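Working notes for the structure below.
Since we're looking at a predicted model, the values are computed, not measured.
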Amino acid sequence: MTTATATATATAPGPISALTMAGRSLRISKRSPDALIGALMLPVMLMLIFVYFFGGAIDTGTEYVTYVVPGAMLLCAGFGAASTAVSVADDMKNGIIDRFRSLDVGGLPILAGHVTASVVRNLLSTTLVLVVALAIGFRPSGGPLALLAAAGLLVAYITSISWLAAALGLLAKTPEAAGGFTFLMMFLPYPSSAFVPIETMPSWLHGFAGHQPLTPVIESLRALLLDQPAGDTPWTALAWCAGITALALTLAVALFRHRTR
């Protein structure tokens with residue numbers, strides 16, 4: 001091997017992994033502290049509003065902070081996933097994807113990097129929500145295995161909506177449109193058992209609230225955190241998470257190929 005060949009081999013870029021792309025996404029988040037603080041603080045503020053403004057008027061059969069924490073964590077994850085859709089759309093609009101494709105970077109690592117960064121950000125924000133909840137009276141009573149299962153389910157849910165957000169970011173033509181597309185993820189916790197029991201809702205809403213994806217996730221988290229009977233609900237929740245992940249991943253890869261061909 002000649003010296004020139006050896007030098008070219010040493011300096012040629014190798015394959016860029018999803019972890020490398022995730023690191024890039026996290027560094028971008030650090031450069032936008034206002035957006036990061038908003039994503040962290042808004043779910044906390046909403047939880048405090050529900051607990052202290054409305055909690056006294058809502059009968060859940062237990063302390064309202066105990067009832068509301070699982071829903072607040074999922075609401076937090078929805079806000080965090082919205083920023084993922086905006087980031088993906090921003091990359092597509094600004095030509096960053098074309099630059100990556102000129103290197104040894106495929107579509108899947110790029111998208112997986114955004115999703116990995118989303119999971120990390122969402123875990124930090126849901127941890128903050130949990131810390132604040134503990135400070136205002138939330139007391140989980142589940143054992144170590146139940147708490148570990150709750151954490152695993154939460155990660156599965158965050159992963160599923162992060163992939164969905166990535167697909168919506170590719171579907172949108174602008175970052176602003178991507179933010180609008182993710183409204184559904186931020187709205188879904190409300191017509192569920194997150195903040196009030198389903199039986200207190202209008203009868204015409206019971207079918208949707210009882211069978212939408214978030215309700216089994218919320219009920220499973222509540223049962224695992226509070227050492228209550230969970231039945232088959234966690235398996236239903238995991239099935240929803242797996243189905244959303246598979247559908248969103250397939251859609252995201254197809255949209256990426258369509259947008260970059």
Next item on the list: Check the pair Ile49, Phe54 against side chain to side chain contact (heavy atoms under 4.5 Å, CB included), reporting the backbone distance first and the verdict last.
Entry: CA-CA 7 Å; Ile49 288 171; Phe54 308 134; 3.8 Å; yes
Next item on the list: Test Leu147 against Leu224 for side chain to side chain contact (heavy atoms under 4.5 Å, CB included), laying out the working first.
Entry: CA-CA 6 Å; Leu147 296 179; Leu224 292 168; over 6 Å; no
Checklist line | Phe79 and Leu46: CA distance, side-chain angles, deciding distance, side chain to side chain contact (heavy atoms under 4.5 Å, CB included) verdict | finding: CA-CA 12 Å; Phe79 279 108; Leu46 287 174; 3.7 Å; yes
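Closest of all the heavy-atom pairs between Ala248 and Ala167 is O-CB, 3.9 Å. A pairwise comparison of heavy atoms in Trp240 and Pro216 identifies CD1-CG, 3.8 Å as the closest pair. In this structure, Ser83 and Arg121 approach most closely via the heavy-atom pair OG-NH2, 3.7 Å. In terms of heavy atoms, Arg139 sits closest to Leu134 at NH1-O, 2.7 Å. Scanning both residues, Tyr64 and Gly55, for their nearest heavy atoms gives CD2-CA, 3.5 Å.
Atom CG of Leu168 is separated from atom CG of Leu164 by 4.5 Å, given to the nearest 0.5 angstrom. Taken to the nearest 0.5 Å, the CG atom of Leu74 stands 6.0 Å off from the CG atom of Leu221. Of the inter-residue distances, the one linking Trp163 atom CH2 with Thr245 atom OG1 reads 9.5 Å to the nearest 0.5 angstrom.
When only modelled atom types and interatomic distance are considered, Ser118 and Ser162 share a side-chain donor-acceptor pair under 3.5 Å. Arg222 and Thr66 share no side-chain donor-acceptor pair at under 3.5 Å.
A donor-acceptor distance shorter than 3.5 angstrom exists from the side chain of His211 to the backbone of Gly207, with no hydrogens or angles considered. In this structure, the side chain of Ser141 engages the main chain of Leu226 through a donor-acceptor pair within 3.5 Å. Looking only at distances, no side-chain donor or acceptor of His114 sits under 3.5 Å from a matching main-chain atom of Ala166. Formation of a donor-acceptor pair under 3.5 Å by the Thr215 side chain with backbone atoms of Ala209 is found in this model. Under a 3.5 Å cut-off, the side chain of Asp90 and the backbone N or O of Met92 do not form any donor-acceptor pair. Tyr157 places no side-chain N or O within donor-acceptor distance of the main-chain N or O of Ile218, the cut-off being under 3.5 Å. With hydrogens and angles disregarded, no donor-acceptor distance shorter than 3.5 Å links the side chain of Glu219 to the backbone of Ala230.
The local environment of CD in Glu63 is sparse, with at most 12 non-hydrogen atoms from other residues, nucleotides or ligands closer than 6.0 Å.
One hydrophobic cluster, built from ILVMFWY side chains closer than 4.5 Å, cannot hold both Leu251 and Val86; they sit in different ones. By the criterion of side-chain heavy atoms lying less than 4.5 angstrom apart, applied directly or through intervening Ile, Leu, Val, Met, Phe, Trp or Tyr residues, Val196 is grouped together with Phe53 in one hydrophobic cluster. Taking hydrophobic clusters as Ile, Leu, Val, Met, Phe, Trp and Tyr residues chained together by side-chain heavy-atom distances below 4.5 Å, Leu247 does not share a cluster with Leu255.
Within the 4.5 Å cutoff, the side chain of Pro189 has no heavy atoms near those of the Phe187 side chain.
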